[in-house]
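The structure appears right after this line, and notes come after that.
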Amino acid sequence: MKSPRILLIGIGGVYNYGCEAIVRGTEAIIRREYPAAEIIYASSRPADDQERLCGLQVKIVKRKYLGRYSIKNISRKLLSIVGIRWSAIMDSLRQFEGIDAVLSIGGDIYTLSSTGGYSTSFLKFGDAARLKGIVYVLWGASVGPFSDNPKAERVFTKHLKGLSLITARETVTVDYLRSLGISDNVISCADPAYVVAPEIKVDHTSQRNHLTIGINLSPLSVLYSNFSVEEAIRIQSGVIQELIRTLNARVVLIPHVVCGFAEGDDDLRYLRKLKRQIASEYQEAVTLLDTDTGFVGTKKDLVKFDLVIAAR
(Lines give C-alpha, C1' and ligand atoms only; values in the text may rest on other atoms or scores of the structure.)
Protein backbone atom coordinates (compact mmCIF):
# COMPACT_ATOMS: atom_id res chain seq x y z
CA MET A 1 0.00 0.00 0.00
CA LYS A 2 1.37 3.40 -0.91
CA SER A 3 1.97 5.90 1.87
CA PRO A 4 -0.90 8.39 2.18
CA ARG A 5 -0.57 12.11 1.49
CA ILE A 6 -2.52 13.98 4.16
CA LEU A 7 -3.37 17.68 4.12
CA LEU A 8 -3.81 19.56 7.41
CA ILE A 9 -5.75 22.80 6.94
CA GLY A 10 -7.99 25.16 8.89
CA ILE A 11 -5.96 27.07 11.47
CA GLY A 12 -4.57 30.58 11.16
CA GLY A 13 -1.16 29.73 12.55
CA VAL A 14 0.59 28.02 15.44
CA TYR A 15 1.17 31.26 17.34
CA ASN A 16 -1.91 29.85 19.07
CA TYR A 17 -0.31 27.20 21.29
CA GLY A 18 -3.42 25.03 21.06
CA CYS A 19 -3.08 24.98 17.28
CA GLU A 20 0.62 24.16 17.63
CA ALA A 21 -0.33 21.26 19.90
CA ILE A 22 -2.89 20.00 17.38
CA VAL A 23 -0.30 19.95 14.58
CA ARG A 24 2.33 18.28 16.77
CA GLY A 25 -0.13 15.75 18.18
CA THR A 26 -1.66 14.98 14.80
CA GLU A 27 1.77 14.32 13.32
CA ALA A 28 2.57 11.92 16.16
CA ILE A 29 -0.75 10.06 15.79
CA ILE A 30 -0.44 9.71 12.01
CA ARG A 31 3.18 8.52 12.27
CA ARG A 32 2.10 5.80 14.71
CA GLU A 33 -0.20 4.27 12.07
CA TYR A 34 1.49 5.41 8.84
CA PRO A 35 5.22 5.96 9.53
CA ALA A 36 5.99 6.95 5.94
CA ALA A 37 2.99 9.24 5.42
CA GLU A 38 3.56 12.59 3.75
CA ILE A 39 1.95 15.19 5.98
CA ILE A 40 1.37 18.62 4.44
CA TYR A 41 0.27 21.58 6.55
CA ALA A 42 -1.25 24.51 4.63
CA SER A 43 -0.27 27.59 6.62
CA SER A 44 -1.28 31.22 6.33
CA ARG A 45 2.03 32.12 8.01
CA PRO A 46 4.49 29.52 6.70
CA ALA A 47 7.75 31.25 7.70
CA ASP A 48 6.63 31.80 11.30
CA ASP A 49 5.09 28.34 11.55
CA GLN A 50 8.21 26.70 10.10
CA GLU A 51 10.25 28.21 12.93
CA ARG A 52 7.75 27.22 15.61
CA LEU A 53 7.44 23.66 14.28
CA CYS A 54 11.16 23.19 13.72
CA GLY A 55 12.11 19.50 13.72
CA LEU A 56 8.62 18.21 12.96
CA GLN A 57 8.27 15.86 10.00
CA VAL A 58 5.63 18.01 8.33
CA LYS A 59 5.89 19.81 5.00
CA ILE A 60 4.71 23.38 5.54
CA VAL A 61 3.32 25.11 2.45
CA LYS A 62 1.63 28.43 1.83
CA ARG A 63 -2.13 28.12 2.15
CA LYS A 64 -3.57 29.04 -1.25
CA TYR A 65 -6.58 31.33 -1.46
CA LEU A 66 -8.51 32.66 -4.43
CA GLY A 67 -7.11 35.98 -5.56
CA ARG A 68 -8.64 39.27 -4.48
CA TYR A 69 -9.71 39.90 -8.06
CA SER A 70 -10.92 36.39 -8.83
CA ILE A 71 -14.36 36.09 -10.43
CA LYS A 72 -15.80 34.42 -7.33
CA ASN A 73 -14.48 37.07 -4.95
CA ILE A 74 -15.67 39.94 -7.12
CA SER A 75 -19.10 38.28 -7.48
CA ARG A 76 -19.32 37.83 -3.71
CA LYS A 77 -18.59 41.51 -3.11
CA LEU A 78 -21.06 42.68 -5.77
CA LEU A 79 -23.81 40.51 -4.31
CA SER A 80 -23.12 41.87 -0.81
CA ILE A 81 -23.71 45.40 -2.12
CA VAL A 82 -27.29 44.49 -3.06
CA GLY A 83 -27.81 42.64 0.22
CA ILE A 84 -27.32 39.07 -1.00
CA ARG A 85 -25.07 36.98 1.25
CA TRP A 86 -23.03 34.38 -0.63
CA SER A 87 -19.94 32.59 0.62
CA ALA A 88 -17.60 31.40 -2.08
CA ILE A 89 -14.93 28.76 -1.52
CA MET A 90 -11.95 31.01 -0.80
CA ASP A 91 -9.40 28.20 -0.41
CA SER A 92 -7.96 27.08 -3.74
CA LEU A 93 -9.06 23.60 -4.79
CA ARG A 94 -5.60 23.07 -6.30
CA GLN A 95 -4.53 22.14 -2.78
CA PHE A 96 -6.30 18.77 -3.30
CA GLU A 97 -3.85 17.65 -5.98
CA GLY A 98 -2.34 14.29 -5.01
CA ILE A 99 -4.02 14.34 -1.59
CA ASP A 100 -5.63 11.21 -0.13
CA ALA A 101 -7.19 12.75 2.98
CA VAL A 102 -7.89 16.22 4.35
CA LEU A 103 -7.89 16.81 8.10
CA SER A 104 -9.69 19.98 9.13
CA ILE A 105 -7.73 21.13 12.17
CA GLY A 106 -8.27 24.05 14.50
CA GLY A 107 -10.22 22.78 17.49
CA ASP A 108 -13.15 25.18 17.48
CA ILE A 109 -13.45 26.59 13.95
CA TYR A 110 -16.86 24.92 13.51
CA THR A 111 -18.78 27.35 15.68
CA LEU A 112 -20.53 30.72 15.69
CA SER A 113 -18.65 33.99 16.09
CA SER A 114 -19.14 36.11 19.21
CA THR A 115 -21.87 38.00 17.29
CA GLY A 116 -23.65 34.83 16.16
CA GLY A 117 -22.37 35.01 12.60
CA TYR A 118 -20.82 32.27 10.47
CA SER A 119 -19.28 31.60 7.07
CA THR A 120 -19.87 28.65 4.79
CA SER A 121 -16.69 29.12 2.76
CA PHE A 122 -14.64 26.49 4.58
CA LEU A 123 -17.62 24.13 4.75
CA LYS A 124 -17.89 24.26 0.96
CA PHE A 125 -14.16 23.53 0.74
CA GLY A 126 -14.76 20.34 2.73
CA ASP A 127 -17.74 19.41 0.59
CA ALA A 128 -15.61 19.89 -2.53
CA ALA A 129 -13.02 17.47 -1.15
CA ARG A 130 -15.67 14.77 -0.66
CA LEU A 131 -17.06 15.33 -4.18
CA LYS A 132 -13.56 14.62 -5.46
CA GLY A 133 -13.49 11.34 -3.54
CA ILE A 134 -11.06 12.63 -0.91
CA VAL A 135 -11.59 11.59 2.70
CA TYR A 136 -12.50 14.70 4.71
CA VAL A 137 -12.20 14.57 8.51
CA LEU A 138 -13.12 17.15 11.14
CA TRP A 139 -10.23 16.37 13.43
CA GLY A 140 -9.90 16.74 17.21
CA ALA A 141 -12.74 19.23 17.22
CA SER A 142 -15.26 21.03 19.33
CA VAL A 143 -18.44 21.72 17.39
CA GLY A 144 -21.08 24.40 17.94
CA PRO A 145 -23.42 25.00 19.50
CA PHE A 146 -25.35 26.78 16.76
CA SER A 147 -28.60 26.98 18.73
CA ASP A 148 -28.63 30.81 18.73
CA ASN A 149 -28.73 30.81 14.93
CA PRO A 150 -31.25 28.26 13.59
CA LYS A 151 -30.24 28.88 9.97
CA ALA A 152 -26.60 28.19 10.80
CA GLU A 153 -27.62 25.06 12.70
CA ARG A 154 -29.42 23.71 9.61
CA VAL A 155 -26.46 24.51 7.33
CA PHE A 156 -23.86 22.97 9.61
CA THR A 157 -26.01 19.91 10.35
CA LYS A 158 -26.33 19.09 6.65
CA HIS A 159 -22.57 19.51 6.16
CA LEU A 160 -21.55 17.55 9.24
CA LYS A 161 -23.76 14.60 8.39
CA GLY A 162 -21.84 14.18 5.14
CA LEU A 163 -18.32 14.21 6.58
CA SER A 164 -16.20 11.07 6.37
CA LEU A 165 -15.39 11.28 10.09
CA ILE A 166 -15.64 13.62 13.07
CA THR A 167 -13.28 13.02 15.99
CA ALA A 168 -14.83 15.02 18.84
CA ARG A 169 -12.59 16.03 21.71
CA GLU A 170 -15.19 16.27 24.49
CA THR A 171 -18.51 14.73 25.46
CA VAL A 172 -20.33 18.07 25.13
CA THR A 173 -19.67 17.97 21.38
CA VAL A 174 -20.62 14.29 21.09
CA ASP A 175 -23.90 14.92 22.91
CA TYR A 176 -24.69 18.04 20.88
CA LEU A 177 -24.02 16.27 17.59
CA ARG A 178 -26.24 13.40 18.69
CA SER A 179 -29.04 15.91 19.40
CA LEU A 180 -28.71 17.02 15.76
CA GLY A 181 -29.01 13.42 14.55
CA ILE A 182 -25.28 13.10 13.85
CA SER A 183 -23.65 10.04 15.40
CA ASP A 184 -22.71 7.39 12.82
CA ASN A 185 -19.59 9.31 11.72
CA VAL A 186 -18.60 10.59 15.19
CA ILE A 187 -15.86 9.14 17.38
CA SER A 188 -15.08 10.46 20.85
CA CYS A 189 -11.38 11.09 21.38
CA ALA A 190 -8.91 13.16 23.35
CA ASP A 191 -7.48 16.39 21.99
CA PRO A 192 -4.33 15.60 19.95
CA ALA A 193 -2.43 17.84 22.39
CA TYR A 194 -2.38 15.02 24.91
CA VAL A 195 0.15 13.00 22.93
CA VAL A 196 2.65 15.89 22.70
CA ALA A 197 5.78 15.71 24.88
CA PRO A 198 4.44 12.94 27.16
CA GLU A 199 7.80 12.92 28.97
CA ILE A 200 6.87 16.21 30.67
CA LYS A 201 5.11 15.13 33.85
CA VAL A 202 4.21 16.44 37.27
CA ASP A 203 6.93 16.03 39.86
CA HIS A 204 4.98 14.79 42.87
CA THR A 205 8.07 14.93 45.09
CA SER A 206 8.48 18.72 44.88
CA GLN A 207 7.32 20.68 47.89
CA ARG A 208 5.67 24.13 47.71
CA ASN A 209 4.84 26.49 50.54
CA HIS A 210 1.88 28.01 48.70
CA LEU A 211 -0.93 26.95 46.43
CA THR A 212 0.13 27.89 42.89
CA ILE A 213 -2.59 28.79 40.40
CA GLY A 214 -1.94 29.21 36.68
CA ILE A 215 -4.38 31.60 35.00
CA ASN A 216 -4.94 32.25 31.30
CA LEU A 217 -7.18 35.16 30.29
CA SER A 218 -7.50 36.54 26.80
CA PRO A 219 -8.82 39.55 24.90
CA LEU A 220 -10.89 37.15 22.80
CA SER A 221 -12.86 36.02 25.85
CA VAL A 222 -13.98 39.61 26.47
CA LEU A 223 -15.92 39.52 23.18
CA TYR A 224 -18.31 37.06 24.81
CA SER A 225 -19.09 39.42 27.69
CA ASN A 226 -20.85 42.75 27.99
CA PHE A 227 -17.71 44.50 29.23
CA SER A 228 -15.08 46.65 27.59
CA VAL A 229 -11.48 45.43 27.76
CA GLU A 230 -10.75 47.95 30.52
CA GLU A 231 -13.77 46.85 32.56
CA ALA A 232 -12.92 43.17 32.10
CA ILE A 233 -9.33 43.68 33.25
CA ARG A 234 -10.50 45.59 36.31
CA ILE A 235 -12.94 42.84 37.28
CA GLN A 236 -10.47 40.03 36.56
CA SER A 237 -7.70 41.70 38.56
CA GLY A 238 -10.09 41.96 41.50
CA VAL A 239 -10.88 38.24 41.30
CA ILE A 240 -7.17 37.38 41.17
CA GLN A 241 -6.49 39.53 44.22
CA GLU A 242 -9.31 37.76 46.07
CA LEU A 243 -7.83 34.35 45.17
CA ILE A 244 -4.46 35.42 46.51
CA ARG A 245 -5.95 36.86 49.71
CA THR A 246 -8.41 34.06 50.45
CA LEU A 247 -6.21 31.09 49.52
CA ASN A 248 -2.79 32.56 50.32
CA ALA A 249 -1.99 31.59 46.74
CA ARG A 250 0.64 32.46 44.18
CA VAL A 251 -0.66 33.23 40.67
CA VAL A 252 1.13 32.72 37.37
CA LEU A 253 -0.37 34.40 34.29
CA ILE A 254 0.01 32.16 31.22
CA PRO A 255 -0.37 33.29 27.58
CA HIS A 256 -1.92 30.76 25.22
CA VAL A 257 -1.81 32.89 22.06
CA VAL A 258 1.16 35.15 21.32
CA CYS A 259 0.86 37.22 18.15
CA GLY A 260 2.51 40.60 17.75
CA PHE A 261 0.49 41.31 14.61
CA ALA A 262 -3.00 41.32 16.23
CA GLU A 263 -3.47 42.84 19.67
CA GLY A 264 -7.09 41.67 19.78
CA ASP A 265 -5.91 38.04 19.78
CA ASP A 266 -2.69 38.45 21.79
CA ASP A 267 -2.85 37.05 25.32
CA LEU A 268 0.60 38.34 26.24
CA ARG A 269 -0.22 42.03 25.83
CA TYR A 270 -3.54 41.47 27.55
CA LEU A 271 -1.92 39.76 30.53
CA ARG A 272 0.69 42.53 30.81
CA LYS A 273 -2.16 45.03 31.19
CA LEU A 274 -3.83 42.74 33.70
CA LYS A 275 -0.70 42.42 35.82
CA ARG A 276 -0.26 46.21 35.89
CA GLN A 277 -3.82 46.49 37.22
CA ILE A 278 -3.05 44.26 40.23
CA ALA A 279 -2.74 46.31 43.44
CA SER A 280 0.79 46.89 44.72
CA GLU A 281 0.30 44.77 47.85
CA TYR A 282 -0.41 41.71 45.66
CA GLN A 283 2.25 42.23 42.98
CA GLU A 284 4.81 39.94 44.61
CA ALA A 285 2.32 37.08 44.48
CA VAL A 286 1.76 37.44 40.69
CA THR A 287 4.18 36.26 37.99
CA LEU A 288 3.72 36.64 34.24
CA LEU A 289 5.23 34.12 31.80
CA ASP A 290 6.44 37.00 29.64
CA THR A 291 8.09 34.94 26.91
CA ASP A 292 6.94 33.14 23.78
CA THR A 293 7.90 29.56 24.67
CA GLY A 294 5.37 27.74 22.50
CA PHE A 295 3.26 24.77 23.55
CA VAL A 296 6.02 22.46 24.75
CA GLY A 297 7.75 25.21 26.72
CA THR A 298 4.46 26.19 28.35
CA LYS A 299 3.69 22.58 29.25
CA LYS A 300 6.90 22.52 31.31
CA ASP A 301 5.43 25.34 33.40
CA LEU A 302 1.88 23.95 33.54
CA VAL A 303 3.00 20.79 35.34
CA LYS A 304 4.31 22.94 38.20
CA PHE A 305 0.91 24.36 39.12
CA ASP A 306 -1.69 22.97 41.54
CA LEU A 307 -4.58 24.39 39.51
CA VAL A 308 -5.06 26.02 36.11
CA ILE A 309 -7.95 28.36 35.22
CA ALA A 310 -8.08 29.02 31.48
CA ALA A 311 -10.34 31.17 29.31
CA ARG A 312 -9.09 29.60 26.09
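For this chain, numbers begin at 1 and follow the sequence in order.
- Screening residues 235-250 for side-chain hydrogen bond (donor to acceptor under 3.5 Å, both in side chains), with sequence neighbours left out, gives H210-N248, H210-R250, Q236-Y270, E242-R245, E242-T246.
- Checked against side-chain hydrogen bond (donor to acceptor under 3.5 Å, both in side chains), S43 has the following partners two or more places apart in sequence or in another chain: D49.
- E51 meets the side-chain hydrogen bond (donor to acceptor under 3.5 Å, both in side chains) test with no other residue; sequence neighbours excluded.
- Considering only residues two or more places apart in sequence or on other chains, R5 meets the side-chain hydrogen bond (donor to acceptor under 3.5 Å, both in side chains) condition with E38.
- Electrostatic pairing of D266 and R269 counts as a salt bridge here, judged by a charged N lying under 4.0 Å from a carboxylate O.
- By the side chain to side chain contact (heavy atoms under 4.5 Å, CB included) test, K304 is found to be paired with D301, residues two or more places apart in sequence or in another chain being considered.
- Taking the side chain to side chain contact (heavy atoms under 4.5 Å, CB included) definition, one finds that T111 meets it with nothing, sequence neighbours left out.
- Legend: residues meeting side-chain hydrogen bond (donor to acceptor under 3.5 Å, both in side chains) with R154, ordered by chain and number and at least two apart, are absent.
- Taking the salt bridge (charged side-chain N to carboxylate O under 4.0 Å, His left out) definition, one finds that R234 meets it with nothing, sequence neighbours left out.
- Considering only residues two or more places apart in sequence or on other chains, K62 meets the salt bridge (charged side-chain N to carboxylate O under 4.0 Å, His left out) condition with none of them.
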Under 3.5 Å, which donor-acceptor pairs link side chains of residues 186-198 to any protein atom two or more places apart or in another chain?
from : atom 1 : to   : atom 2 : distance (Å)
D191 : OD1    : A193 : N      : 2.8
D191 : OD2    : R169 : NH1    : 2.7

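- With sequence neighbours excluded, the residues satisfying salt bridge (charged side-chain N to carboxylate O under 4.0 Å, His left out) with E263 are K273.
- Using a 30° and 60° split on the angle between ring planes, F146 and F156 fall in the parallel class, below 30°.
- The salt bridge (charged side-chain N to carboxylate O under 4.0 Å, His left out) check on R52 picks up D48, D292, with sequence neighbours excluded.
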